[in-house]
Q: 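Dropping a structure here in structure tokens format, bear with me for questions.
Please read these numbers as outputs of a predicted model, since none were measured by experiment. Each chain gets a letter, A, B and so on, in the order its sequence line appears, and its residues count up from 1.
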Amino acid sequence: MQYELIRKVLERRDWGGAARVAGWVRTRRDSKGGFSFLELNDGSCLANLQVVAETALANYQTEVLKLFPGSSVAVEGVLAPSPGAGQLLELRATSVTVFGFCEPTAYPLQKGRVSFEVLREIGHLRPRTNTFGAMSRIRNTLAMATHSFFQEHDFLYVHTPIITGNDCEGAGAMFQVTTLDVGNPPRRPDGAVDYAADFFGRRVNLTVSGQLNGETHACALGRIYTFGPTFRAENSNTRRHLAEFWMIEPEIAFADLADDAALAEAFLRHLFQQLLARCRSDLEFFQKQLDPALIGRLETLAVAPFLRMSYTEAVAALRSSGQTFEFPVQWGCDLQAEHEKYLTEVLAKGPVIVTDYPREIKAFYMRQNADGRTVAAMDVLLPEVGEIIGGSQREDRLDVLEARMRGCGLNPELYSWYLDLRRFGSVPHAGFGLGFERLVQFCTGLANIRDVIPFPRTPGNAAF
RNA sequence: UCCGGCGUAGCUCAGCGGUAGAGUAGGUGGCUGUUAACCACUUGGUCGUAGGUUCGAAUCCUACCGCCGGAGCCA
């Protein structure tokens with residue numbers, strides 16, 4: 001690499017040593033004392049490098065004075081301690097080479113604050129801001145920490161399909177994938193679209209969950225996880241939903257719900273620890289800008305156990321809370337956002353793992369408990385963000401699962417491969433799905449999920 | 001999809017029936033080892049779109065579009 005990262009340069013103290021960097025100008029301040037200051041950022045860290053460019057440079061008048069925010073340059077120079085406040089060192093330029101100028105009247109990222117709403121309209125430029133730089137580094141660290149956690153615990157990374165024929169997974173509306181001419185598709189004699197003529201010879205969609213596929217590998221290889229894109233065609237317009245998001249789905253064999261909850265907690269704890277160790281200055285930035293309690297909360301969660309309660313206990317706690325809710329709490333009803341908010345933000349003041357939900361409000365594949373009315377399900381709830389993990393022990397008894405599917409109006413014949421896992425050497429197993437963007441939200445304090453993914457996909461919006 | 005709020009200069013916003021404003025960014029000049037630099041002057045707008053009410057609409061009404069917040073769906 002021809003250029004040294006600014007993050008590395010900022011750690012140096014060898015005054016007089018040479019350095020060569022490249023990056024984008026954040027601001028320029030001119031001094032008639034015979035030089036200009038350039039704040040240079042290359043994305044390697046939050047901090048900028050202060051470059052001192054003297055009028056003696058051959059291109060000072062012709063080029064340096066035309067470096068507005070957004071311009072790209074390479075700078076060669078000599079490291080020196082900085083006499084000014086605000087930075088320890090500076091690079092005294094011996095040459096400034098311009099890659100590209102940046103027209104200030106046209107470039108939307110000038111020095112002042114730009115709102116998140118405006119930044120969403122310039123998704124191709126917002127990675128150049130402090131906020132998106134910090135978010136991107138945190139997102140990267142959380143992704144790598146995900147792999148390190150599972151790899152260190154002997155999980156296999158399994159790639160489940162993006163295109164799926166599982167047309168009744170029940171996790172939400174799906175995007176259809178087809179090569180047929182949608183304006184004039186082939187039709188069967190009865191007028192219905194003839195999907196036998198489609199690319200896969202059947203109707204297929206983008207996946208809403210890798211879980212069913214993941215179970216096949218857990219029930220062969222023991223411990224697996226997936227980490228990939230997931231798609232929901234719901235018309236959701238909230239700060240917590242995306243049509244395309246990334247989900248982490250571990251699946252473990254020979255495990256029950258308690259093992260599943262313990263895994264979720266250990267995983268989250270590892271993520272928080274890694275983040276605190278590796279992204280300190282980015283976290284400090286978000287703490288200063290968005291949430292004064294951010295780092296303290298992560299530090300607590302990196303060591304403290306999460307509060308656990310059964311759904312039945314949660315309902316009892318809500319009913320005796322003295323709070324008036326818009327939706328009255330009753331055993332059997334799903335917990336509303338206001339209820340989850342009370343549990344996490346008032347009762348626990350932190351994450352809560354709620355287990356053993358009523359069978360009727362949960363998915364068909366969740367294992368039925370001995371009480372006959374609940375299933376071995378769990379949700380991990382976070383303050384502000386809401387549900388970040390949904391998981392369960394899977395129903396491993398063939399007859400019980402088939403009966404449950406019929407009860408849900410599903411045709412077991414369409415799931416024969418899934419039922420084979422129970423037919424041939426069935427084992428107790430469990431798993432969960434973690435919404436990666438909601439995790440990034442929680443770890444940055446960014447209120448809107450559209451600001452924690454590079455290119456958000458939401459109803460009516462797929463620009464860039 | 002439902003409920004509510006908001007669309008005015010590149011950006012952040014004020015104006016809420018009577019000739020379109022401020023800060024900031026940009027330009028010019030001054031000053032300065034500066035750092036949200038500072039001081040003076042200055043460029044910049046079909047007030048989201050289309051109708052309507054009115055002598056007169058950025059301002060009131062209607063519809064549509066977009067954005068934001070809440071709800072539902074969930075991760």
Q: Enter the distance from A/Leu307:CG to A/Leu343:CG here, rounded to the nearest 0.5 Å.
A: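 The CG atom of A/Leu343 is 8.5 Å from CG of A/Leu307, to the nearest 0.5 Å.
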Q: Expected output is a numbered-order residue list: members of residues 21-31 of chain A with a heavy atom under 4.0 Å from any atom of RNA chain B. What is it?
A: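 Residues of residues 21-31 of chain A that come under 4.0 Å of RNA chain B are, in numerical order, A/Arg29, A/Asp30, A/Ser31.
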Q: Tell me whether A/Asn205 contacts the main-chain N or O of A/Thr164 through its side chain, where contact means a donor paired with an acceptor under 3.5 Å.
A: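 No; zero donor-acceptor contacts below 3.5 Å.
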Q: For the residue pair A/Gln211 and A/Tyr365, establish whether any side-chain heavy-atom pair is separated by less than 4.5 Å.
A: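 A/Gln211 vs A/Tyr365: side chains touch.
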Q: Write down the distance between CZ (A/Phe37) and C1' (B/rA36), rounded to a whole number of angstrom.
A: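 Rounded to whole Å, this separation is 16 Å.
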Q: For A/Thr230, which contact category applies under a 4.0 Å heavy-atom criterion: base, sugar-phosphate, or nothing?
A: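 Result for A/Thr230 = nothing.
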Q: Distance check needed: B/rU1 P versus A/Asn237 CG, whole Å only.
A: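 Atom-to-atom, A/Asn237 to B/rU1, this comes out as 8 Å.
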Q: Examine B/rC68: is either OP1 or OP2 under 4.0 Å from a nitrogen or oxygen in the side chain of A/Arg450? Give yes or no.
A: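 Yes, such a contact exists.
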Q: Can you check the A/Phe325 CZ to B/rG72 P distance for me, whole Å?
A: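 A/Phe325 atom CZ is separated from B/rG72 atom P by 13 Å.
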Q: Would you tell me if any nitrogen or oxygen in the side chain of A/Ser115 comes within less than 4.0 Å of OP1 or OP2 on B/rU12?
A: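 Answer yes for this pair, as a side-chain N or O of A/Ser115 is under 4.0 Å from OP1 or OP2.
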Q: Carefully, step by step, assess A/Phe272 and A/Phe442 under the rule ring-ring contact (aromatic ring centres under 6.0 Å, His included).
A: CA-CA 10 Å; A/Phe272 299 143; A/Phe442 182 74; 5.8 Å; yes
Q: Which ring pair (Phe, Tyr, Trp, His ring centres under 6.0 Å) pairs, counting each pair once, include a residue from residues 36-90 of chain A, with sequence neighbours left out?
A: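 Pairs touching residues 36-90 of chain A that pass the test: A/Phe35-A/Phe37.
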Q: How long is the line joining CG of A/Leu89 and P of B/rU35, in whole Å?
A: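 So the two atoms are 19 Å apart, to the nearest Å.
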Q: When the side chains of residues 375-388 of chain A are checked against the rest of the protein, which donor-acceptor pairs come out under 3.5 Å, sequence neighbours left out?
A:
{"unit_1": "A/Asp379", "atom_1": "OD2", "unit_2": "A/Tyr357", "atom_2": "OH", "d": "3.2"}
{"unit_1": "A/Asp379", "atom_1": "OD2", "unit_2": "A/Lys362", "atom_2": "NZ", "d": "3.3"}

Q: With no hydrogens and no angle check, do the side chains of A/Trp24 and A/Ser71 hold a donor and an acceptor under 3.5 Å apart?
A: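 Checked: A/Trp24/A/Ser71 side chains show no N/O donor-acceptor pair below 3.5 Å.
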Q: Have a look at A/Pro104 and say if it touches a base, only the backbone sugar-phosphate, or nothing, with a 4.0 Å heavy-atom cut-off.
A: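 Touches sugar-phosphate only.
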Q: So does A/Gln87 reach the base of B/rU34 with its side chain, donor to acceptor, closer than 3.5 Å?
A: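 Answer is yes: a donor-acceptor pair is held.
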Q: Assign A/Gln50 to base, sugar-phosphate, or nothing according to its heavy-atom contacts below 4.0 angstrom with the strands shown.
A: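 Since a base atom lies under 4.0 Å of A/Gln50, the category is base.
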Q: Hey, does the side chain of A/Asn448 come within less than 4.0 Å of B/rG69's phosphate (OP1/OP2), counting only N and O?
A: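 Yes, within the criterion.
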Q: Just checking A/Val118: base, sugar-phosphate only, or nothing, at a heavy-atom cut-off of under 4.0 Å?
A: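 Sugar-phosphate, backbone atoms only, no base.
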Q: Heavy atoms only, 4.0 Å cut-off, all strands: where does A/Leu242 land among base, sugar-phosphate and nothing?
A: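 The answer is base, as A/Leu242 lies within the cut-off (heavy atoms under 4.0 Å) of a base atom.
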Q: Strictly below 4.0 Å: does A/Arg239 bring a side-chain N or O up to OP1 or OP2 of B/rG70?
A: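 Result: yes.
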Q: Just to confirm, is there a sub-4.0 Å distance from OP1 or OP2 of B/rA71 to any side-chain nitrogen or oxygen of A/Gln336?
A: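 Checking B/rA71 against A/Gln336, no side-chain N or O comes under 4.0 Å of OP1 or OP2.
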Q: Rounded to whole Å, how long is the line connecting atom NE2 of A/His339 with atom P of B/rA71?
A: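 So the two atoms are 12 Å apart, to the nearest Å.
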Q: Does A/Ser236 reach a base, just sugar-phosphate, or nothing at all? Heavy atoms under 4.0 Å.
A: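 The residue A/Ser236 makes base contact.
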Q: Between A/Gln441 and A/Arg240, is there a donor-acceptor pair closer than 3.5 Å when you use the side chain of the first and the backbone of the second?
A: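 No, the answer is negative, given that no donor and acceptor are paired below the 3.5 Å cut-off.
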Q: Between atom CD in A/Glu326 and atom P in B/rG72, what is the gap in whole Å?
A: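 Going from CD in A/Glu326 over to P in B/rG72 covers 8 Å.
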Q: To the nearest Å, give me how far apart CG (A/Leu88) and C1' (B/rU34) are.
A: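 About 16 Å, once rounded to whole Å.
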